[in-house]
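Beneath this line is the structure, given in structure tokens, with notes to follow.
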Amino acid sequence: MGAITIQNLTKSYASTEVLKGIDLAINDGEFLILVGPSGCGKSTLMNCIAGLEEITSGHLLIANEDVTDLSPKDRDIAMVFQSYALYPTMSVARNISFGLEMRKYPKAQIEATVQEVATLLQIEHLLDRKPSQLSGGQRQRVAMGRALARDPRVFLFDEPLSNLDAKLRVEMRTEIKKLHKRLGTTIVYVTHDQVEAMTLADRIAVMKDGIVQQFGTPHEIYNDPANRFVADFMGSPAMNFIECVVFEGNLVVESAAKRYELAIPNAEALKASGLETVVLGIRPEMITEPKPSTDATYVSQMFLDVSVTEPTGPDTLAFGTWNGQDLQARLSPEKGRQAEIDSTIAIQVDTAKAVLFHPQTGARI
């Protein structure tokens with residue numbers, strides 16, 4: 001069993017508090033991702049789980065056992081580092097087996113484990129090579145193989161794909177997800193890449209300044225962000241933020257040129273807030289070219305002054321301004337080609353899934 005419970009964990013260096021009362025309950029067999037910008041504390045939290053950093057206060061339990069004061073070797077965890085950390089003079093087979101040899105496992109068991117892990121990771125043909133003879137992706141597989149050979153309660157991955165090129169990152173991401181499905185072992189994975197977080201995780205802990213801003217499934221994080229920071233950090237391209245005036249439960253965006261009134265589903269909550277202004281958060285995929293709609297209650301037609309387009313293949317991102325506000329839209333390739341030629345295009349904004357934030361605090365309304 002590899003369930004992890006983190007209770008009011010803090011970590012300080014002298015007078016600087018890096019982790020500020022972290023509380024997380026990670027289920028057995030769950031794939032948890034710690035994500036956030038550089039300096040948010042995610043790697044420090046990982047090192048505290050591993051036992052590489054001493055916890056200042058709080059408790060850490062693995063499989064209901066308090067391991068707060070245990071050394072790394074007694075926690076039954078295996079870690080895969082960004083730098084691979086392979087022994088350069090040893091073959092791939094020895095790199096995988098070395099930990100087992102140090103624990104005095106029988107030779108036959110070691111050989112069987114190496115073959116099993118190599119087959120699982122499809123590196124059987126590399127067993128006699130040295131790390132210097134491997135590509136980055138192959139080295140990462142070997143590092144994962146060394147961790148797998150241990151058969152630990154928990155796997156810890158510290159930005160394992162950040163040294164790989166874009167195509168290989170996608171391939172390795174898929175392999176890690178397949179591996180987790182086969183093994184069902186608890187994984188804690190640190191990344192600053194929100195695409196990795198969304199595609200790999202069962203649940204995500206979004207961190208900022210040593211505090212968990214939101215803990216939930218990828219769907220919850222993306223569609224129901226707890227605050228403006230989470231909404232802005234998670235999603236590629238980022239969410240649009242539009243400053244609005246509140247008028248009778250609707251939102252008004254006004255400039256010297258024109259006044260737009262936008263209807264939203266949670267009008268009663270907006271009225272109850274008593275706010276005169278709010279920030280409307282809306283994903284680019286909800287801003288598209290005009291389309292027939294069965295329910296036009298929350299759909300508004302308008303025009304976007306396009307400054308830049310970014311074709312991605314299946315769609316085109318258009319960046320521009322609407323009524324004095326910066327806006328990103330996701331268009332079809334055909335509409336995207338038109339946007340490259342015309343400086344102004346017709347768009348529709350669907351506020352059915354829009355979210356609202358406090359203009360000063362950024363808290364969700």
Side chains of [X] and [Y]: do they bring a donor and an acceptor to under 3.5 Å?
X      : Y      : value
Asp128 : Ser91  : no
Asp315 : Thr312 : yes
Ser332 : Glu289 : yes

Surrounding [atom1] of [X] (heavy atoms of other residues, nucleotides or ligands, distance under 6.0 Å), is the total greater than 12?
X      : atom1 : answer
Glu334 : CD    : yes
His219 : NE2   : no
Glu116 : CD    : no
Glu261 : CD    : yes
Lys353 : NZ    : no

Exercise. Taking side chain to side chain contact (heavy atoms under 4.5 Å, CB included) as the test, write out the residues that go with Lys208, two or more places apart.
Key: Gln213, Phe229
With no hydrogens and no angle check, is any side-chain donor or acceptor of [X] less than 3.5 Å from a backbone partner on [Y]?
X      : Y      : result
Thr316 : Pro311 : no
Thr174 : Val170 : yes
Arg139 : Pro131 : yes
Asp202 : Glu30  : no
Asn8   : Gly58  : no
Arg75  : Thr68  : yes
His180 : Gly29  : yes
Ser307 : Phe319 : yes
His59  : Asp66  : no

Exercise. Please tell me if the side chains of Val92 and Lys130 come closer than 4.5 Å, counting only heavy atoms from C-beta onward.
Key: no
Quiz item: Within 45° of the ring axis of Tyr222 and under 6.0 Å from its six-membered ring centre, is that where the NZ or CZ of Arg283 lies?
Solution: yes
Quiz item: Distance under 6.0 Å and angle within 45° of the ring axis: does Lys11 meet both against Tyr13?
Solution: yes
Electrostatic pair [X]-[Y], nearest N-O below 4.0 angstrom:
X      : Y      : result
Asp224 : Arg364 : yes
Arg173 : Glu196 : no
Arg330 : Glu310 : no
Arg169 : Asp193 : yes

Can you measure from [atom1] ([X]) to [atom2] ([Y]) and round to the nearest 0.5 angstrom?
X      : Y      : atom1 : atom2 : result
Ile123 : Met144 : CD1   : CE    : 9.0 Å
Leu280 : Leu251 : CG    : CG    : 6.0 Å
Arg146 : Leu121 : CZ    : CG    : 12.5 Å

Exercise. Take Ser57 and Thr10 through the side-chain hydrogen bond (donor to acceptor under 3.5 Å, both in side chains) test and state the conclusion after the steps.
Key: CA-CA 5 Å; Ser57 66; Thr10 69; 2.4 Å; yes
Practice problem: Run through Asp350, Leu262, Thr351, Val349 and flag the one making a side chain to side chain contact (heavy atoms under 4.5 Å, CB included) with Val299. | Solution: Asp350
Quiz item: Which of parallel (below 30°), tilted (30 to 60°) and perpendicular (above 60°) describes Tyr189 and Phe31?
Solution: tilted
Quiz item: Can you list the residues that meet the ring pair (Phe, Tyr, Trp, His ring centres under 6.0 Å) rule with Tyr87, with sequence neighbours excluded?
Solution: Phe98
Quiz item: What's the shortest heavy-atom distance between Glu220 and Gln214, and which atoms?
Solution: O-NE2, 3.8 Å
Practice problem: Evaluate the side-chain hydrogen bond (donor to acceptor under 3.5 Å, both in side chains) criterion for residues Asp74 and Ser71: first the C-alpha distance (whole Å), next the side-chain angles of each, then the deciding distance (0.1 Å), finally the verdict. | Solution: CA-CA 6 Å; Asp74 296 323; Ser71 65; 2.9 Å; yes
